[in-house]
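What follows is a single structure, written as structure tokens, with notes after it.
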Amino acid sequence: METLTPHARRWLMTALSAVLLPHLLVLPWWLSSFVVLVLGLGWGRSFAGFPKFPGFLKYLLFFLALGGFFVTFGLPSGRSSGSALLVLMAALKPLEIERQKNARHLLLLSYFLVAAYFFSHQEIAAALWLFFAVFLITSALTALELNDEPFFSRRLLTPSLTLLSASLPLALILFLLFPRLPGPLWSFPEERRMAVTGLPNELEMGGISHLVRSSKVALRAEFVGPVPPPEKLYWRGPVFPLFDGRTWRRLDVSPVTSRSGLIHLSPLQPYTVTLEAHHQPWLLALDPPFSVPTGASFSASYEVLLDRPLHQLHRYQMATAEIVKWPAEWVDRGGWGATTMLLSQIAQQRNPRSFELARSWAEAELGDEALVERLLNLFRQNPFRYTLDPPSLGGSGPVDEFIFQTQAGFCEHYAGSAAFLLRAAGLQARVVAGYLGGERHPVGGYLIVRQYNAHAWIEVRIKDKGWVRIDPTAAVAPERVEIGIAAAFPESDAFFLWREGRGIGWLRKVGQYRDLAEFYWNYWVLGYGPKLQNLFLGRFGLGLHHLNLWITALIGLPFLALLLGLGILNFGVFEKIPPEVKLYRIYCRRRARHGCRRKLSETPTAYAQRLAQKFPAEMHENTEIAVLYLDLRYGKRSPGDVGVDLKRLRQLCRR
Amino acid sequence: MTGSRKNFVEAMQVVNGVVLGKKLQVRLAFTALLAGGHLLIEDLPGVGKTILVQALAQVCGLSFRRIQFTSDLLPADIVGAVVFERQKELFTFRPGPLFAQLILADEVNRATPRTQSALLEALEEHRVTVDGQTYDLPEPFFVIATQNPAYQIGTYPLPESQLDRFLMRLELGYPEAEAERELLAGGDRRQLLDDLKPCLNNSDLLQCQRQAAALHVADPLLDYLQELLKRSRDGGLFQRGLSPRAGLALLAAARAWAWLDGVAFVRPEDLQAVFFVVAGHRLETVDGSDSAPLIKQLLDSVPLS
């Protein structure tokens with residue numbers, strides 16, 4: 001039971017600090033500061049003269065940590081609370097470690113902590129950090145064994161570097177070859193998510209404008225042909241048919257299985273989307289979507305839905321067409337039913353003035369399309385403003401408040417009010433959230449859609465035409481639709497200037513290459529699923545359809561590895577063979593080809609004599625080889641004086 | 001060639017001139033002498049055991065005693081006894097025949113175990129203890145014991161533990177026709193023996209022994225030796241494997257054998273050359289049959305590189 005030296009403790013603390021660092025960025029701030037404090041105490045212990053921690057202090061810190069944890073997370077369930085608990089306890093552990101053995105355990109646990117961070121964060125930076133952390137942990141383990149080595153020494157760092165680089169090819173092979181499963185092997189319990197940026201599940205006035213402050217990537221899309229113009233890039237997300245006067249909600253409609261009657265009347269345009277995890281079941285698709293990717297289906301309100309929320313980066317293929325004819329059944333259901341009607345009444349009571357206005361339009365008995373035009377004119381002819389900072393709508397009737405008082409809003413204000421007004425006028429209308437536009441990557445050629453591209457519009461059912469997309473925002477700020485979000489706010493916000501790197505050329509370049517790297521990382525590393533693996537292996541004729549081969553390999557490979565391992569242990573495969581033995585073996589192999597094989601236990605002298613009988617012409621050569629070999633292998637030699645003889649032996653044996 | 005080695009090889013050649021056609025056995029006998037071990041010769045009477053031993057003693061300049069073992073021989077008969085000298089009025093130790101440099105213990109298996117033990121103890125310790133007093137035997141001290149395998153009635157075959165004390169066991173065998181003819185045609189062997197001049201003195205011999213014991217043994221050779229020992233133990237060929245003492249004996253004999261060739265280090269063939277005679281009497285087959293084929297099998301099965 002060896003005690004931990006201060007030197008080894010410093011290594012332990014180095015590795016542990018590196019492991020915990022990224023976790024600190026994720027934890028609530030006060031837990032992070034607690035971890036920093038405790039780590040500081042652990043560091044202090046590694047310097048001479050620092051006293052051992054008294055037991056009561058350890059208990060105090062322990063219960064503080066535990067209490068804080070329960071206050072923040074409740075009972076541990078799910079990934080983030082689980083790893084938070086682990087982080088807290090790992091930070092506390094060095095305070096009580098006095099022995100090498102315990103330090104070793106903590107370091108082994110650190111490997112898991114590194115992996116635990118990867119459960120939730122899979123960016124390139126996280127991967128780079130992973131390598132560094134694993135290197136430090138391995139070095140710390142080495143430091144435990146080499147007690148008196150200086151902090152940075154070759155003897156200490158070389159083994160971990162060697163191990164790490166030796167394991168890379170194996171990791172690569174496993175990554176490429178190990179069969180990929182379509183979904184995760186186990187599912188983590190659902191958990192409360194904090195601060196997820198993305199389209200909301202419910203839409204309130206002001207529910208989207210906060211997204212515009214985020215430049216996080218929402219999705220990337222690759223097109224086979226040219227990228228469509230900005231005004232056609234309506235990325236359709238969740239659809240909200242239900243409105244209670246304040247909040248728009250989605251309708252949980254079961255997916256539509258039959259797609260008969262869905263036809264496209266213009267050429268199909270296929271594209272591929274890499275969607276960031278947004279923890280919601282819907283996929284984003286260009287409006288109108290025509291096909292669904294595997295694992296997803298259409299809902300009656302024409303959303304593309306997965307059967308579970310999307311917790312990982314997802315890559316899927318879709319197709320769109322300019323003109324799509326929907327099945328009549330979809331048009332009829334469309335999220336329209338008794339609930340919708342009931343809630344509409346509540347909404348009308350909450351917003352009486354707008355309701356009255358819409359009723360007055362309905363009494364004029366215009367056609368459906370004229371009604372829509374009337375609505376858009378309302379926005380055009382009155383001093384409505386498109387703004388990122390709309391005044392908050394506190395009252396019970398936000399539509400009334402917006403139309404008649406503030407007249408300043410973001411897209412969801414216009415969409416929400418428009419849908420309400422059209423409904424009041426007797427039409428069927430619903431709000432759709434999604435993204436509009438995107439920016440083309442100059443190098444990668446793909447389209448990047450960020451959170452600040454978030455948008456909301458409406459769909460109206462028009463007689464003989466079905467559901468038609470109307471964008472009320474276009475009536476107020478057409479440049480938002482035609483050019484992009486930055487054009488809509490030319491001078492108001494420095495955010496977009498900065499984000500898009502206008503005026504700072506190199507910053508823009510750096511940003512672009514960063515995004516390109518991320519794109520390939522997403523595609524090749526995170527997106528390496530069964531499909532991509534099949535594609536990749538297919539190039540070598542090893543597709544997953546060779547199921548038998550795979551099963552054999554999966555069972556056979558570990559077995560083979562086991563045998564190999566045993567073989568190495570037993571027969572010393574990696575035993576260092578001296579050069580003279582190598583040469584002599586070559587010599588024996590060559591003579592064996594001439595029909596005179598050396599027996600297992602035959603001495604070089606005896607073999608040379610036997611050879612001399614068979615090939616009298618080569619007698620001198622064979623004798624010289626035997627003498628030289630015996631002398632090199634069994635003679636008394638200092639390493640310095642073998643050179644000449646070895647050279648001679650090489651000459652003779654290679655001849 | 002060092003002076004002492006030259007004399008030693010010359011002595012060996014002289015013995016070869018007396019004991020005809022037994023070059024290998026003569027060399028092995030000299031190897032045993034050189035390695036400081038004792039020799040057990042197992043053969044029928046009349047094949048030249050005594051001649052060999054006497055010639056050896058003669059050319060090496062060793063004082064020679066022959067002890068004929070019989071069933072009534074007592075330990076005191078070989079070791080010596082304390083007797084009372086009346087004139088001086090004190091007890092003095094009168095050394096037995098064991099106090100010589102070369103002992104021929106003839107037909108050692110006819111003596112009782114008690115007497116055998118007395119001999120073997122001296123073999124191992126190079127000294128005897130009588131009445132609590134220890135007496136060193138002369139140096140060099142070399143015992144050649146003979147056993148007669150033909151007459152087993154009324155004999156006490158040496159137990160294995162005691163066989164282990166002999167460095168090697170030799171069989172002389174009948175001479176080949178040519179050598180026998182020369183023997184028959186030649187003069188009196190006794191006369192020949194008497195005419196032999198010593199080629200070495202004691203200090204020469206001791207120096208040779210020291211040189212041989214210091215011969216270089218490389219790691220690969222020790223690997224090979226260890227592998228041989230290991231196979232003898234877990235190969236299932238023998239009742240029990242070679243002891244560590246057998247390993248040391250093999251190494252000493254191999255060194256002496258190599259030294260006779262005048263090489264600077266021990267080669268694997270040196271080890272193989274002495275392996276039969278050193279290991280032969282220490283290994284017993286499971287069914288009690290002749291161990292030689294199995295020893296050959298053992299040697300062949302261990303790879304040499």
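In the text below, chain A, chain B and the rest are named by the order of the sequence lines, each starting its count at 1.
- Taken to the nearest 0.5 Å, the OG atom of Ser601(A) stands 5.5 Å off from the OH atom of Tyr224(B).
- Using a 4.5 Å cut-off between heavy atoms, Glu580(A) makes no contact with chain B at all.
- Other residues, nucleotides and ligands place more than 12 heavy atoms under 6.0 Å from the CD atom of Glu124(B).
- The minimum heavy-atom distance linking Leu630(A) with Phe265(B) is given by the pair O-CE1, 3.6 Å.
- Within a 6.0 Å sphere centred on NE2 of His594(A), heavy atoms belonging to other residues, nucleotides or ligands number 12 at most.
- For residues 257-276 of chain B, the pairs satisfying salt bridge (charged side-chain N to carboxylate O under 4.0 Å, His left out) are Arg27(B)-Asp261(B), Asp261(B)-Arg267(B), Arg267(B)-Asp270(B), with sequence neighbours left out.
- Using a 4.5 Å cut-off between heavy atoms, Lys636(A) touches chain B through backbone and side chain atoms alike.
- For Arg597(A), the CZ atom is loosely surrounded, since the number of other residues' heavy atoms within 6.0 Å does not exceed 12.
- Within residues 293-301 of chain B, the residues approaching chain A closer than 4.5 Å by heavy atoms are, in numerical order, Leu299(B), Asp300(B), Ser301(B).
- Residues Tyr634(A) and Leu304(B) approach most closely at OH-CD1, 3.4 Å, considering heavy atoms.
- Around atom CZ of Arg245(B), more than 12 heavy atoms belonging to other residues, nucleotides or ligands sit under 6.0 Å away.
- With a threshold of 4.5 angstrom between heavy atoms, Val263(B) does not approach chain A through any atom at all.
- The shortest distance between side-chain heavy atoms of Pro303(B) and Leu600(A) falls below 4.5 Å.
- In plain terms, the two heavy atoms of Gly635(A) and Ala218(B) that are nearest each other are O-CB, 4.5 Å.
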